[in-house]
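See structure below.
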There are 2 protein chains.
Amino acid sequence: MSATMADVAREAGVSASTVSRTFSLPETVRADTRERVLAVARRLDFSPNRTASSLARGRTGALGLLVPDIANPYFGEIVKSVQRRARTADRALFLTETGDAHDEAYGLAKAMARQTDGLLLAGPRMPEDMLRSLAAAGPVALIGLHVPQTDCAYAELPVGMRQAVRHLAALGHRRIVYVNGTRTARTAGFRRLMRAACDEFRVELVEHLGPFDLTYDNGRAAADLVPTSGATAVIAHNDMVAHGVAGGLARQGRSVPGDFSLITVDDTYLARAIHPALTAVHVPIDAMGAHGVDLLLARIADPQGPPRLVALPTALTVRESTGRAPAP
Amino acid sequence: MSATMADVAREAGVSASTVSRTFSLPETVRADTRERVLAVARRLDFSPNRTASSLARGRTGALGLLVPDIANPYFGEIVKSVQRRARTADRALFLTETGDAHDEAYGLAKAMARQTDGLLLAGPRMPEDMLRSLAAAGPVALIGLHVPQTDCAYAELPVGMRQAVRHLAALGHRRIVYVNGTRTARTAGFRRLMRAACDEFRVELVEHLGPFDLTYDNGRAAADLVPTSGATAVIAHNDMVAHGVAGGLARQGRSVPGDFSLITVDDTYLARAIHPALTAVHVPIDAMGAHGVDLLLARIADPQGPPRLVALPTALTVRESTGRAPAP
DNA sequence: CGACGTTCTGCAAGCGCCTGCACATAGGCG
DNA sequence: CGCCTATGTGCAGGCGCTTGCAGAACGTCG
């Protein structure tokens, strides 16, 4: 099919090694030789075969990204930023959607590890020991959660969550519902955070813990329980759920923020793509993705180095969905 | 690092060829030999090195997917279905986001073509001759648009669009705004369709043609122009824009469908993740992605075959955003 | 002008797997 | 019991690129 190094070498009157070096170690070949080789390469439309190069070098030049659900905007934005960063590092990206099943995700990760130089796991649902086992087998970086002894880029939620509760408290809300899920990596820590923040600001916390996924429909269902809870504000675990809560309240004829205030966490474009736009605990998804790639590249370069953490700040972004608590 | 065929061969007392064959052509190896080899392979945690295999075979086993914007739910859902289908075909997936720049997209496609067996282009923005040139260079399948002489899986919009206009006409709407964009593959055909449908049902068409991208914010801006247009219904080019229009109207205090009816095209989950849920021309994104993969695999298997088209049906899904036109 | 240190280039041996061909073994037939 | 077709297995030569090593070419210095 396409030209090989041998072809270029012949045409340029040099050996294949020289051709190889003009592409991988340009400084080591004399300028005029290099020019000659490049000219021939251009004429023959040659570029080094990546597969062959991978085999010889023992590295593929590709990174693997695993996400539970690509269509979820949170992960969509992560994929986007990872892909962008990977490209600037001249790395191709393998993408796999894992779904929620631990074992399958583990198997997929293992398989992908064999064809990449390293793995990026975004919001993995699997237990810590599986993650550790993967990390032990090859370069791995985590995005969106914090697991000790592992490279991770994650959002520091306490600050943002505390701001959210304080914001509600300042608006006169004394009782808030927290719509949580069961299947996400950050669920447990989240609950602790919420309790702490609510205690601090003397707010009563009603936990609406699903045994449900964080979807629009479940948020909508959760909305039905809000009016009877005695609460005047809702904090939703992510944008999809918040959307559902908003939709559910609207269907009941309740006004946001007139009857209930609503705060979401994550702040993907969904938070703005709704009326009223949602006050949100902003999570720097872009930065998480980019740092995740950087961590992974660092790990690939230095497999033995100590684990590194990148904690990104979160902050409350006030929009239209929060207002004064209605008079009792 | 990990075991090679030579290792397994030695342990199992056979040659490397036999090991190779027990993995790639199991039927050609006698049952008991095969078992022995597999047992050793399992013990040594061996699996064939994909890179080496790719090099020897001249095929990588991977497919490449290019999308303009991953975070757009339309493409998110395409990525999802492509990825799923690719996996069942035991193919890894390379993902690249191209953005809107033609040349860059072309370059990325070229680069990706070298490390995959074939390319899937979803909603590419580049001109037809570039697409043809790519298709001439290697297996390519298009998703979401129809280019003559090329393998494509696309949605047959006339039916759905016609239904949408008929639906509005039946509800008494005599004048509708069509919020279009400029940068999408289907823009031109779309306009023709809209005109034809409106003529057929005696509806006046107001084209609100952006020079804008199909984003939430632009939809929102478009909403400001709707009330003065004299129209009572809006058809938006995709879900993001429709979301924007809905948000914009809500901000103006207009009711949907009380004051204005709204129909969207695509019907990603966004169409339901809003209140009121949007009546939509449903596009079978899942099927498009899956068929795209199938077309590509067929093309890879038979590079010379005639081009194949898969036209998927669209249909109107009525939800809550359309109702009788308000009395004049 | 020879000795010696730099650059630069070529040689050859891989990287791990695939596959056409030859050979061995086994069974079927006359 | 030879001869002839399967059927299984091994051999060896790639696939296209990389890289340690050694030799060539070029300068520099005493």
Side-chain angles (χ1 to χ4, degrees), chain A residues 1-41 44-62 90 92 111 113-117 138 300, chain B residues 1-41 44-62 90 92 111 113-117 138 300:
Chain A
M1 291 297 304
S2 91
T4 74
M5 280 194 171
D7 300 332
V8 176
R10 192 172 345 98
E11 293 277 314
V14 297
S15 76
S17 327
T18 301
V19 178
S20 172
R21 281 191 271 259
T22 92
F23 281 93
S24 52
L25 301 164
E27 339 66 76
T28 70
V29 14
R30 214 188 343 164
D32 60 335
T33 315
R34 195 195 313 151
E35 287 313 318
R36 192 153 31 100
V37 170
L38 288 177
V40 174
L44 268 44
D45 192 26
F46 165 86
S47 68
N49 178 318
R50 283 241 193 190
T51 307
S53 158
S54 300
L55 180 58
R57 285 208 232 248
R59 306 188 301 115
T60 67
D90 198 28
R114 303 220 58 214
Q115 22 189 343
T116 59
D117 293 343
I300 291 170
Chain B
M1 292 297 306
S2 87
T4 75
M5 281 194 172
D7 300 332
V8 176
R10 193 172 344 99
E11 294 277 315
V14 295
S15 78
S17 328
T18 300
V19 179
S20 172
R21 281 191 271 258
T22 91
F23 282 93
S24 51
L25 301 166
E27 336 69 75
T28 70
V29 170
R30 210 185 345 154
D32 61 334
T33 317
R34 195 194 314 149
E35 287 313 316
R36 192 153 32 99
V37 170
L38 288 177
V40 174
L44 266 46
D45 191 26
F46 166 86
S47 68
N49 178 319
R50 283 243 191 187
T51 306
S53 158
S54 301
L55 180 58
R57 284 209 231 248
R59 306 190 303 114
T60 66
D90 199 27
R114 303 221 57 215
Q115 23 191 340
T116 59
D117 292 343
I300 290 170

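Quick note: numbers below take in every heavy atom, side chains included, and nothing from hydrogens, waters or symmetry partners. Residue numbers start from 1 in every chain, and the chains themselves are labelled A, B, ... in the order their sequence lines are given, proteins ahead of strands.
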Practice task
Give the intermediate values and the outcome of side chain to side chain contact (heavy atoms under 4.5 Å, CB included) for residues A/Thr22 and A/Thr33.
Solution key: CA-CA 9 Å; A/Thr22 92; A/Thr33 315; 5.8 Å; no
Grab the [atom1]-[atom2] distance between [X] and [N] for me, whole Å please.
X       : N      : atom1 : atom2 : result
A/Arg36 : C/dT9  : CZ    : C1'   : 11 Å
B/Phe23 : C/dT19 : CZ    : P     : 15 Å
B/Arg34 : D/dT7  : CZ    : P     : 14 Å
A/Asp7  : D/dC15 : CG    : P     : 11 Å
A/Glu27 : C/dC8  : CD    : C1'   : 13 Å
A/Met5  : D/dC15 : CE    : P     : 15 Å
B/Leu55 : D/dT18 : CG    : P     : 11 Å
B/Leu44 : C/dG16 : CG    : P     : 14 Å

Exercise for the section: Starting at CZ of A/Arg114, measure out to OG1 of A/Thr60 and round the result to the nearest 0.5 Å. Expected result: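 A/Arg114 CZ to A/Thr60 OG1: 11.5 Å, rounded to 0.5 Å.
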Completion exercise
Separation between CZ (B/Arg57) and CG (B/Asp117), nearest 0.5 Å, reads 10.5 Å
Give me, pair by pair, the N or O atoms of the protein and of nucleotides 12-14 of chain C that are less than 3.5 Å apart, along with how far apart they are.
none

Provide the closest heavy-atom pair for [X] versus [Y] in the form atom of the first, atom of the second, distance.
X       : Y        : result
B/Ala92 : A/Gln115 : CB-OE1, 4.0 Å
B/Val40 : B/Glu11  : CG1-CB, 3.4 Å
B/Met5  : B/Pro48  : CE-CB, 4.4 Å
A/Ala9  : A/Ala16  : CB-N, 3.6 Å
B/Phe23 : B/Leu38  : CZ-CD2, 4.1 Å
B/Arg50 : B/Gly61  : NH1-O, 4.5 Å

Exercise for the section: Please step through side chain to side chain contact (heavy atoms under 4.5 Å, CB included) for the pair A/Leu44 and A/Val8, ending with a clear verdict. Expected result: CA-CA 7 Å; A/Leu44 268 44; A/Val8 176; 4.2 Å; yes
Exercise for the section: Scan nucleotides 23-28 of chain C nucleotide by nucleotide, 5' to 3', and note B when protein non-hydrogen atoms come under 4.0 Å of the base, S if they reach only the sugar-phosphate, - if neither. Expected result: ------
Problem - Residue-phosphate contact under 4.0 Å: B/Thr33 side-chain N/O, D/dT9 OP1/OP2 - result: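 Yes, within the criterion.
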Exercise for the section: May I ask you to verify if any side-chain N or O of B/Thr18 is less than 4.0 angstrom from the OP1 or OP2 atom of D/dG10? Expected result: yes
Fill in the blank from the handout: A/Val29 has its side chain closest, among C/dC17, D/dG16, C/dT9, to C/dT9
Handout entry: Closest to the A/Ser53 side chain, choosing from D/dC17, C/dC17, C/dT9
Key =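 The listed nucleotide nearest to A/Ser53's side chain is D/dC17.
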Exercise for the section: Could you walk me through whether A/Val14 and A/Arg36 pass the side chain to side chain contact (heavy atoms under 4.5 Å, CB included) test, one step at a time? Expected result: CA-CA 10 Å; A/Val14 297; A/Arg36 192 153 31 100; 4.0 Å; yes
Exercise for the section: State whether the distance check finds a donor on one side and an acceptor on the other, under 3.5 Å, for side chain A/Arg21 versus base C/dG10. Expected result: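 Indeed, a donor on one side and an acceptor on the other fall under 3.5 Å apart.
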Problem - Residue closer to the 5' end of DNA chain D, B/Ser15 versus B/Arg57 (nearest nucleotide) - result: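 Upstream on the strand: B/Ser15.
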Problem - 5' precedence on DNA chain D between A/Thr4 and B/Arg30 (nearest-nucleotide basis) - result: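 Nearest-nucleotide comparison on DNA chain D picks B/Arg30.
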Exercise for the section: Scan A/Val19 against the nucleic acid and name what it touches under 4.0 Å (heavy atoms): base, sugar-phosphate only, or nothing. Expected result: nothing
Problem - Difference in axis direction between the ends of the helix from C/dC1-D/dG30 to C/dG30-D/dC1, five pairs, 10° - result: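 Overall, the helix from C/dC1-D/dG30 to C/dG30-D/dC1 bends by 50° from one end axis to the other.
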Problem - A/Asp32, CG: over 12 other non-hydrogen atoms inside 6.0 angstrom - result: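 Above 12, so yes.
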